[in-house]
Each structure stands twice: as C-alpha cells, then as structure tokens.
Visitor: 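Quick one: this structure, given as structure tokens, is what I'll be asking you about.
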Amino acid sequence: MDVMHAPGVASRFLVIDISYFLTAALFIMGLKRMSSPVTARSGILWAGAGMAVATLVSFLYPGMSNFELIIAAIVVGSIIAWWSGKKVAMTDMPQMIALYNGMGGGAAAAIAAVELYRAAFANAVNAPVQHSAVVMTLAVIGGIIGAISFSGSLIAWAKLQGVLNKTVRFGGQKFVNGLLFLGSLVVGFIVVMHHGADPLHVSLIFALALLFGVAMTLPIGGADMPVVISLYNALTGLAVAFEGFVMNNAAMIIAGTVVGSAGTLLTQLMAKAMNRSLANVLFSDFGSGGGGAATAVSGSMKPIEASDVGVMMAFASKVIVVPGYGMAVAQAQHKVWEMCQLLIDRGVTVKFAIHPVAGRMPGHMNVLLAEAGVPYDLISDLDEINAEFETADVALIIGANDVVNPVARTDKSSPIYGMPILNADKAKNVIVIKRGQGAGFSGIENALFFLDNTRMLYGDGQKAAAELVNAIKAVG
Amino acid sequence: MTGIVALYIFMLAAFTGYEIIAKVPVILHTPLMSGSNFVHGIVLVGAMVALGGAVTPLEKIIGFIGVLLAAGNAVGGYVVTERMLEMFKSSGARKVGGGH
C-alpha cells in the first residue's frame, strides 16, 4: 500500500465501520430473502456482495502487515473451496456443508489461538497485560466452541461421506466426553485468571476441545447427522460472534450472532421434523437403527406390471408422488419428472409430497427435485398435502418407506410410533416402486405394502420410472 | 465499542436471526442452512486482521491457517448455496423458459 497517499487512520476506520454496517445489513436482508423460494436466489447474491465489501475494506485496517501471506491464504483457500463446491453432487450436499462449516469453526479457533498465544508469550516475559479478563474469557469460549465445531464437523463429514463407517461406543462414554469438555473449560479458566498463563496451557485448551468434538460426534448415527451438522453450524456462528468481540469487529458480532440464533432454531425445527428432541439426538443410540421388535403384519404384497400402472395414472385425475432418498440414489428423479410432465400434458393433476426427513436433511429432497427441473410450486410438505391423499386416485411411492408407514399412527410398540407420516394409505390406489421385498432403513416392516389398495412395482427406481414413461406414452 | 453496546448488538442480532428463520418453509431448510453457513464465513475478516497483526512465526502460521480455512468457508458456502438456489424455479418460469 502507498503509505504516502494513504488516508488518515481516523478516516480509514470510518470507511471500515460504514462498510461493515453495510455488510451486516446485506447479510440480514440476504438471509431474509433466502427464506422464500421466490426471492431466495437474489438473497445469496446480496449476502455475497456484503462479504465482498467486508473482505476488501479489511485490507485497509491500520497497522496491517503480512499482506502477501493474507492474499496467498485467501487465493489458495478460495480456489480449493470453489473447485470442490462446483464439483460436489447434489446428493452429497449435506457433508459438503459440514466441511465448509468446520472450516469456519477452525478459523474462529485460529483467531482465538493467535490472541491467546500472544497473551501467553507476553505473560511469560512479564510484559504488560494485553487483554482484559472479559476479552480473554470471550476468546477462550469462542476458541473452545470453534475447535469443537471444527473437529466435530470433520467427523460428521467423514461419516456421511462413508470414509468412517464405525459408530464408536463404549461404557462410560458420556462420562469421558464430559471430562474432556470440563477439562478444556477448567484449563481455559486458568488461562484467563493468569493473563494467558503459558503456551502449554493454551495448547491444552484446544487439544481437549478438539478431542471433545471428535468424541461427541463419533457415537451419533448417520441418520441423525444432519441435525448435528445444523447444530455445529449454529456453534460456529456463536464462535465467530465471540471472536468478533475479541477483535472489536461489529460485522463479525452481528453475522455470527444472527447465524448462531437462526441455526439454533433451524436445528430445533429439524429435530422436531424427525420427531426427536435435540437431547435425544445427541445422547441416544437410535440413529444407528437399533431396530425394534417388528410387529407381525398380516396380508401379502401384491405385484403389478408397469403397463397397468401407466394406464391407471393416465386416466387418473390426481396423482401424488412420494419420493424418498432411494429415488435420488437410483438417480430416478429425471425420469420421474419426465413421467409427470406426460401426465400433466394429459390434464392429470400431479403433486409431489415431501416428508420433512426425506433425503438426508430437511429440504434436501426439494433440492434434488429442483435439480431435475421440478417446479417448487408442485411440491408440498406434509402439512399441506396430507388432507389431499383422500382425493388422490394414485399415490406413487418411490424410494420412500418409513415415512409412509401407517404403523407410526397405530402401533405404540413401534420405534417410529408418533412420527408424523404422509397419509399415502388414504389414496384410492397406492403404487410402491421397490427393489425387493426387504424392510426399510430402520428395519421396520411397512404395513402400507400389505394393504388391499396397494400394489408393488418391483424394480430399480430409474428403470421402473422409464417403463412408466413408455407405458403412459403407449396409452396415447 | 463499549461492552454494553456490544451486548446490545448481541441481543438484537440474536432476535433478528430468530425472526428471519421462524417462518421459513421446510423446502428451504437445506439451502438456508447452507446460506447461514456462508454468512459466518465473515470470520474471514477477523482472521485477516489477526494474520495482519501477526509477528512471531507461530502467530503467522496459525493466522495463515485461519485465513485459509475462513476463505474456504466463505467461498465454498457461497458456491454451494448459489448452486442449490439457482435450481428453484416455479412452473411459470418453466413455461416461460421454453418448457420441456
């Protein structure tokens, strides 16, 4: 930077303050726009503009050096993230979000580490105290939360990516986890009380917090991971807010706090959609699918041919499609949408019913359908669609299982009892596309498959959907 | 910024975050989580200032890692959120866009 022509320190801070104010406003308006499908696209653009402004003016901070290091780190980090973000498949989105979130938590912990090590080394040579006890406390807490979010998110990523398949559990695990967390708090307290204490104590805070993040995420099953990712997202926001206090940076405080509270609410909504409490997700063993005693289901599964289903749907007045994650795994969403378009052209009313936990996190199925080109106004969530099944001629279930199991309404002994389900069984005809006769993800027999108005169309999701397309075309 | 002012900011921002999300439809949960994930990428500016003030090699190394991770958070969060939201179209838009 040209020092001779640099504006004065006071006016630089004014520029920075005004820019951060603008950034905070853009973030809040951007997030607000992201909460409606009509304006969502522009929301991320607004927030992105805010981020660009904040990043650029931060180079103006008086007394900054190491510019070549800063630029190198930004360029390398951005290129890797840009490339991975463009490349990732929509089905793998949840773990990618976990990874980026962990990076944010790690960055917040790094800020804390720089400040705490500086204080510790200054304390070792009896230099004047650098930070007040309040600032030190905030740095420690933000650092601990950020480190937990960092290591925890990495484990969450590894589990969803399939890199790590083990669900580690042992006796007294909660006790050990509690000790790790308490340990990092106690060491943090010592560091605050002794103006930074020494570098060893500072290292210990982070080591214990990182271990705790790993230890608390390891026992949680893959099915519960989205809720955990959402929780870590909120925690990273909180860590950023705390480090914002340390750096005296209003943009960080506001953005971090907004994400912290929004993320907490989002986590609760997700847990509720899964019919679980947050504590239950974090501290119970259900997520790994400990399958309860399967109730005996009477009746038999009745097969049907694709050509018959094609005729049935072609002459229906209303068809409701219930997609599950199995559809996305089979990459059948494009064929399913092609089939629906044929029906719509014939004057059939077609709707998609999405259960809150369809896909790997709430809203994930909507993203997968959007990728196939399904307009969002044809997609309804559970509360909107459930009354409509009674008026539907056909409910087409593809890749979904537990979310349409009527046992959840009736059988108190079932592990999924009480979970809100889609009332597909109320439709006049129920068609289930399924690979084979096995039980669902949770190992629970599905009573829907045995109903009198249910017919099974066996086969791979994509192949079955292609057959249906041909069958409907054949009707002419 | 005095402590009490910072506390006011904290409280108001917490309510703001709550209000923004309170009525959001389930269909947008995933993109919105991704979007809020992008927003806490603002940690980048703090990491930049931390690295900008780093003196010892240890501070520089940690600061460098911090900026690297923060940039990854911000850019990655932006790219995936944008990719997801770009796909959300209404049936009106589909017909205008030439249909199938």
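Throughout, protein chains are lettered first and strands after them, A, B, ... in sequence-line order, and every chain is numbered starting at 1. Both backbone and side-chain heavy atoms feed into the values below; hydrogens, waters and symmetry mates do not.
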Visitor: Between L44(B) and chain A, with a heavy-atom cut-off of 4.5 Å, which part of the residue counts as in contact: side chain, backbone, both or neither?
Guide: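 Contact with chain A involves the side chain of L44(B) alone.
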
Visitor: Specify which of E243(A), R118(A), M365(A) makes the most heavy-atom pairs with chain B at under 4.5 Å.
Guide: R118(A)

Visitor: Under a 4.5 Å cutoff for heavy-atom pairs, which residue among F27(A), Y117(A), W83(A) has the most contacts with chain B?
Guide: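 Option with the greatest count: F27(A).
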
Visitor: Write down the atom of Y100(A), the atom of N37(B), and the distance for their closest heavy-atom approach.
Guide: CB-ND2, 3.6 Å

Visitor: Is R83(B) reaching over with its side chain to a backbone N or O of G85(A), donor-acceptor style, under 3.5 angstrom?
Guide: yes

Visitor: Heavy-atom pairs under 4.5 Å with chain A - which of A22(B), A74(B), A54(B), G53(B) has more of them than the others?
Guide: A54(B)

Visitor: So which part of L99(A) gets closer than 4.5 Å to some heavy atom of chain B, the side chain, the backbone, both or neither?
Guide: neither

Visitor: Heavy-atom distances under 4.5 Å only: say whether L69(A) touches chain B with side chain, backbone, both or neither.
Guide: both

Visitor: Does anything in residues 257-268 of chain A form a side chain to side chain donor-acceptor pair (under 3.5 Å)? List the pairs, not counting sequence neighbours.
Guide: S230(A)-T267(A)

Visitor: Tell me the closest heavy-atom pair linking G76(B) and A81(A), and the distance in Å.
Guide: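 Heavy atoms of G76(B) and A81(A) come nearest at N-CB, 3.5 Å.
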
Visitor: Are L28(B) and S35(A) packed together at the side-chain level, in the sense that at least one heavy-atom pair is separated by less than 4.5 angstrom?
Guide: no

Visitor: Would you give the length of the straight line joining atom CE of M51(A) to atom CZ of F38(B), rounded to the nearest 0.5 angstrom?
Guide: 3.5 Å

Visitor: Looking at every heavy atom in both G46(B) and I111(A), which two are closest together, and how far apart are they?
Guide: C-CD1, 3.5 Å

Visitor: Against chain B, label M247(A) side chain, backbone, both or neither, depending on which of its atoms sit under 4.5 Å from a heavy atom there.
Guide: side chain

Visitor: Would you say H29(B) and N366(A) are linked by a side-chain donor-acceptor pair, where the criterion is simply a distance under 3.5 Å?
Guide: no

Visitor: As an exercise: rank G48(A), A113(A), G30(A) by heavy-atom pairs under 4.5 Å with chain B and give me the winner.
Guide: G48(A)

Visitor: Which heavy atom of V114(A) sits nearest a heavy atom of G63(B), and at what distance?
Guide: CG2-N, 3.9 Å

Visitor: Given the options A72(A), S65(A), G260(A), which has more heavy-atom pairs under 4.5 Å with chain B than any of the others?
Guide: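 Ranked by heavy-atom pairs under 4.5 Å with chain B, first place is S65(A).
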
Visitor: Identify which part of L58(B) has an atom lying under 4.5 Å from any heavy atom of chain A, answering side chain, backbone, both or neither.
Guide: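 Interface part for L58(B): side chain.
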
Visitor: Just how far is it from atom CD1 of I21(B) to atom CE of M34(A), taken to the nearest 0.5 Å?
Guide: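 Between atom CD1 of I21(B) and atom CE of M34(A) there are 9.0 Å.
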
Visitor: Quick one: pull up CD1 in I254(A) and CG in L12(B) and give me the separation to the nearest 0.5 Å.
Guide: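 Answer for the CD1-CG pair, I254(A) versus L12(B), is 9.0 Å.
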
Visitor: For M93(A), is it the side chain, the backbone, both, or neither that has a heavy atom closer than 4.5 Å to a heavy atom of chain B?
Guide: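 It is the side chain, since no backbone atom gets that close.
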
Visitor: If we define contacts as heavy-atom pairs under 4.5 Å, which of T30(B), T56(B), V75(B), I62(B) has the most with chain A?
Guide: T30(B)

Visitor: Pick whichever of I28(A), V135(A), T23(A) has the most heavy-atom pairs under 4.5 Å with chain B.
Guide: I28(A)

Visitor: Which distance, rounded to the nearest 0.5 Å, do you find between the CD1 of I71(A) and the CE of M48(B)?
Guide: 8.0 Å

Visitor: Checking E371(A) now: which residues fulfil salt bridge (charged side-chain N to carboxylate O under 4.0 Å, His left out) with it, not counting sequence neighbours?
Guide: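 E371(A) satisfies salt bridge (charged side-chain N to carboxylate O under 4.0 Å, His left out) with no other residue.
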
Visitor: For L45(A), is it the side chain, the backbone, both or neither that has a heavy atom under 4.5 Å from a heavy atom of chain B?
Guide: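 Contact with chain B involves both backbone and side-chain atoms of L45(A).
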
Visitor: For chain A, find which of P31(B), G72(B), A71(B), G35(B) contributes the most heavy-atom pairs closer than 4.5 angstrom.
Guide: G72(B)

Visitor: Between S36(B) and N233(A), what is the shortest heavy-atom contact and its length?
Guide: OG-ND2, 2.9 Å

Visitor: Select one option (side chain, backbone, both, neither) describing which atoms of Y376(A) are under 4.5 Å from chain B's heavy atoms.
Guide: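 Contact with chain B involves both backbone and side-chain atoms of Y376(A).
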
Visitor: Measure the shortest side-chain to side-chain distance between M84(B) and I97(A) over non-hydrogen atoms and say whether it is less than 4.5 angstrom.
Guide: yes

Visitor: For the interface with chain B, which of K32(A), M64(A), R41(A) has the highest count of heavy-atom pairs at distances below 4.5 Å?
Guide: R41(A)

Visitor: I need the minimum non-hydrogen distance between N66(A) and L51(B), along with the two atoms involved.
Guide: ND2-O, 2.7 Å

Visitor: Find out whether V367(A) and F88(B) are in side-chain contact, i.e. whether some heavy atom of one side chain is under 4.5 Å from a heavy atom of the other.
Guide: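 A side-chain contact exists here, since the closest heavy-atom pair is under 4.5 Å.
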
Visitor: Of the backbone (N, CA, C, O) and the side chain (C-beta and beyond), which part of S84(A) lies under 4.5 Å from a heavy atom of chain B, both, or neither?
Guide: neither

